[in-house]
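Heads up, the thing below is written out as structure tokens.
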Amino acid sequence: MSDLVSADAGDEDLDAEASVRPRRLAEFIAQHRVRDQLDLLLKGAMGRGAPPDHILLSGPPGLGKPVQVDALVLMVDGSRRRLGDVVVGDQVITRTGEPAEVLAVHEQGELDSVRIRTASGREVVAAPDHPFWTTEGWVKAGDLTPADVVANVLEPETVADGTEQTDEFRLAGYMIGDGCTSNQVTFTGSDPAVMDDFRAVCDRLGHAHNTRPNSARSELIRVSGLMPWLRQHGLIDKTAWTKRVPEFVFLGDTWQISAFLAAYFACDGTVSRRGRDRYDLVIEYYSVSRGLLEDTQHLLLRLGIQSRLKLKRGRYQGRPHESWRLSITSQDDAARFAERVTPIGSRGERLREWAPRRDRFDERLAPDRVTSVEPAGLAECRCLTVAGDHTFTVNDLVVHNTTLANIVAAELGTSIRTTSGPVIERSGDLAAILTSLAPGDVLFIDEIHRIAKPAEELLYSAMEDFRVDVVVGKGPGATAIPLDVEPFTLVGATTRAGLLSGPMRDRFGFVAHLDFYSPADLDALLHRSARILGVPITDEGAAEIAGRSRGTPRIANRLLRRVRDFAEVRADGVVTESTARAALKVYDVDELGLDRLDRAVLRALIESFRGGPVGLSTLAVAVGEQSDTVEEVCEPFLVRAGLLARTPRGRVATEAGWVHLGKTPPSGVIQGDLFARDA
């Protein structure tokens, strides 16, 4: 087993590993100007032995690193929730196995994605830029290869939140294994110890039962009064192909989860030797329901046991038959299973007789080798901002959000505290965070423009004088208590720099604007995306698409996907310059990147209103769109491209806008392209 992170690692080791994402500024792709400026700022501060000036990062939204919304995130109560259903304030399990709060949720829409499969049989769909934790550090999904080993979290620190008794967990395991819930509730088996235990469980839960022979070697137990319980937990009328672990099982503690797994193993488990060595064991669960074994695989991981899911093809009653096997093969995992699951019946006796000794210490993370990374097409994606080390799990694999704030902390060799503007509602909340900082720490506030006004005013004195005044009491008896704050560096991030107040903006010693991507950066991105999608592309073809992508990676990838379709259907499959031009003409994307709606706005402004000025609402009516759509979707790029100008009297088409539509501008029109493309 590869050593990912030892459970005995010290706090310093864990902090160092958590704060370096990516490891140094030199590894930060694009934004070269900001990278160089930050490098000077940080090296100068380290040379003086003082914290650097406070840093404000502003830029356009949409540069997140998302995962498919159907991926399952492990929550602090032990449940697994769709990423698409996670909300701000939820507690998720991080890479360290500890809980952390979700500070923000970022909707990313449909994106080109890759499907990652691992040796354990796990799968996850993510955008190519999303980082996964490997033995070599953080690696983007699109850069993973079969040589990489990703991480599963062993024995996460979940907090049991269920109300069911332990016997109910055991009963659920039996019913999932050999129970029938269609017309009447029955349980069938041939192991006397298992049948006795099932009857004892029913007795303790107060359910009447009677037993009759089922065959020469098996019995059938009919249970009364169990239908309401089965209906409550979604176990009614389940076939072998549709069975899943009931939701309440995920909310149990380790002992209750063990009870479920033991009962299920007594029905659908096997233990066998692979060779002459008495310790060379294979422990397996088997089912025709992949989903059931995926749930079981996760529960085993909660007990610190690694397993592998695989498809088994054979024949049943003369016909081809497919089923799934969940296998535990390593000596250490087999020993851990025998110790923590404690199966009953003949299988349990055989396992206790053959069980190997453990030869490794517990580890917080377990390795899972990547077997394939393949294009997955479009997937609805979203991303989370998580407090602490910015990690969480999706389908049991550890993932991360990379931010420039983490890079700043890594360069300084300090720890980072993370929060967001919307969650800081009172000045007391911020005071508690500030007074808990250690000397030299980095405090990262995402969406800083949304911080409450009282908290913002408290932040002024903390940024300038490293001191905060906390007011105790009300009315005439109120007293201001000054509290010292250790020297720290504030890193604020915003996509709406204009909403920051002047006093707040002026207190930042370094303001960095994260620009839209340059054509050269988009060119490199398109080559990588083409490699992931398996699309042959020439340098000229990539350059043509990059020039029409508005400086946004998401748009570049979307255009590449459409050009790929055109190349495969109407050309030879290779994305060349001529193919890209022809394809983008079909999709109404012109040489500047304007689409149909952009040109409709520009055309209405010029043809219907003679170039303006015209009000926003009037212009929106002219193109049949909502005002906010025109203002937020179309205008930003039209203004940035120098085709439209906002004036006190309304929107006005520039000379470049007239020329772009092939029309002669009248005299007195705003001259020139605001962004001088020739330069």
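Numbers here simply count residues along the sequence, with the first being 1.
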**Fill in**
In terms of heavy-atom contacts, L235 and P246 come closest through CD2-CG, 3.8 Å
**Message:** Test side chain to side chain contact (heavy atoms under 4.5 Å, CB included) on T270 and Y286; report intermediate values, then the result.
**Reply:** CA-CA 8 Å; T270 64; Y286 54 89; 3.5 Å; yes
**Fill in**
Correct closest heavy-atom pair for A266 and V194 would be CB-CG2, 3.8 Å
**Prompt:** Of the non-hydrogen atoms in D167 and V201, which two are nearest, and what is the gap between them?
**Reply:** O-CG1, 3.6 Å
**Request:** Mind listing the closest non-hydrogen atom pair of P99 and V76 along with its distance?
**Result:** CB-CG2, 3.5 Å
**Message:** Below 30° counts as parallel, above 60° as perpendicular, anything between as tilted: where do the rings of Y264 and F260 land?
**Reply:** tilted
**Item:** Short side-chain donor-acceptor distance under 3.5 Å, N395 and H298
**Value:** no
**Message:** Quick check: closest heavy atoms across E284 and K310, and the distance to 0.1 Å?
**Reply:** OE2-CE, 4.0 Å
**Message:** Assess whether a salt bridge exists between E155 and R340, defined as any Lys/Arg side-chain N lying under 4.0 Å from an Asp/Glu carboxylate O.
**Reply:** yes
**Request:** Determine yes or no for a side-chain-to-main-chain donor-acceptor pair under 3.5 angstrom, with D368 supplying the side chain and N152 the backbone.
**Result:** no
**Message:** Under the criterion side chain to side chain contact (heavy atoms under 4.5 Å, CB included), I'd like the reasoning laid out for T145 against V373: C-alpha separation, chi angles, the key distance, then a yes or no.
**Reply:** CA-CA 7 Å; T145 70; V373 180; over 6 Å; no
**Prompt:** Does CZ belonging to R308 count more than 12 external heavy atoms closer than 6.0 Å?
**Reply:** no
**Asked** Side chains of I328 and V282: closer than 4.5 Å at any heavy-atom pair?
**Response** no
**Item:** Side-chain donor-acceptor pair present, S323, R325, cut-off under 3.5 Å
**Value:** yes
**Side-chain donor or acceptor of T181 paired with backbone N/O of V185 under 3.5 Å** = no
**Prompt:** Is the side chain of S327 donor-acceptor paired with the backbone N or O of T329 at a distance under 3.5 Å, no angle test?
**Reply:** no
**Request:** List the atom of V288, the atom of A240, and the distance in Å for their closest heavy-atom pair.
**Result:** CG2-O, 3.4 Å
**Message:** Under 3.5 Å, is there a donor on one side chain and an acceptor on the other for R199 and T211?
**Reply:** yes
**Request:** Please identify each residue that fulfils side chain to side chain donor-acceptor pair (under 3.5 Å) with R313, with sequence neighbours left out.
**Result:** E322
**Prompt:** Say you draw a straight line from OG of S307 to CG of L326; how long is it, rounded to the nearest 0.5 Å?
**Reply:** 4.0 Å
**Message:** Checking F248 against F169 for the ring pair (Phe, Tyr, Trp, His ring centres under 6.0 Å) test, could you report, in this order, the C-alpha distance in whole Å, the side-chain angles of both residues, the deciding distance, and whether it holds?
**Reply:** CA-CA 8 Å; F248 79 87; F169 287 77; 5.0 Å; yes
**Message:** Keeping R82 on the side-chain end and A71 on the backbone end, is there a donor-acceptor pair under 3.5 Å?
**Reply:** no
**Side chain proximity check, I116 to L144, heavy atoms < 4.5 angstrom** = yes
**side chain to side chain contact (heavy atoms under 4.5 Å, CB included) between L301 and V153, intermediate numbers included** = CA-CA 7 Å; L301 200 66; V153 177; 5.7 Å; no
**Asked** Between D191 and R347, is a salt bridge (Lys or Arg N to Asp or Glu O under 4.0 Å) present by the stated rule, with each step listed?
**Response** CA-CA 9 Å; D191 190 313; R347 295 181 178 93; 5.5 Å; no
**Item:** Interatomic distance, M175 atom CE to T186 atom OG1 [nearest 0.5 angstrom]
**Value:** 6.5 Å
**Request:** Step by step, work out the side chain to side chain contact (heavy atoms under 4.5 Å, CB included) result for L292 and W324.
**Result:** CA-CA 10 Å; L292 173 58; W324 294 91; over 6 Å; no
**Request:** Please examine the side chains of F187 and C180, heavy atoms only from C-beta on, and report whether any two atoms are closer than 4.5 Å.
**Result:** no
**Message:** For a 4.5 angstrom cut-off between non-hydrogen side-chain atoms, does R290 reach L309?
**Reply:** yes
**Asked** Is R222 close to R212 at the side-chain level, that is, under 4.5 Å between some pair of heavy atoms?
**Response** yes
**Message:** Show every salt bridge (charged side-chain N to carboxylate O under 4.0 Å, His left out) that has at least one partner inside residues 233-251, sequence neighbours left out.
**Reply:** R244-D295
**Fill in**
One should read off an interatomic distance between L299 CG and L261 CG, to the nearest 0.5 angstrom, of 5.5 Å
**Request:** Compare all side-chain heavy atoms of V114 with those of V125 and state whether any distance is below 4.5 angstrom.
**Result:** no
**Asked** Is the side chain of D333 donor-acceptor paired with the backbone N or O of Q306 at a distance under 3.5 Å, no angle test?
**Response** yes
**Asked** Hey, what do you get for CZ (F198) to CD (E219), rounding to the nearest 0.5 Å?
**Response** 12.0 Å
**Prompt:** Are V92 and V102 side-chain neighbours, meaning at least one heavy-atom pair lies under 4.5 Å?
**Reply:** yes
**Request:** Rounded to the nearest 0.5 Å, what's the gap from CG on D77 to CG on D90? Could you check?
**Result:** 9.0 Å
**Request:** Rounded to the nearest 0.5 Å, what's the gap from CD on Q91 to CG on L74? Could you check?
**Result:** 12.0 Å
**Request:** Ignoring hydrogens and angles, tell me if any N or O in the side chain of R117 forms a donor-acceptor pair with the backbone of E123 under 3.5 Å.
**Result:** no
**Message:** Ring-plane angle category for F337 and Y285, please: parallel below 30°, perpendicular beyond 60°, tilted otherwise.
**Reply:** perpendicular
**Item:** Side-chain donor-acceptor pair present, S120, R122, cut-off under 3.5 Å
**Value:** yes
**Request:** Going by the side chain to side chain contact (heavy atoms under 4.5 Å, CB included) test, name the single residue among D396, L397, T393 that passes it with V124.
**Result:** L397
**Asked** Do T296 and V245 touch side chain to side chain, with heavy atoms closer than 4.5 Å?
**Response** yes
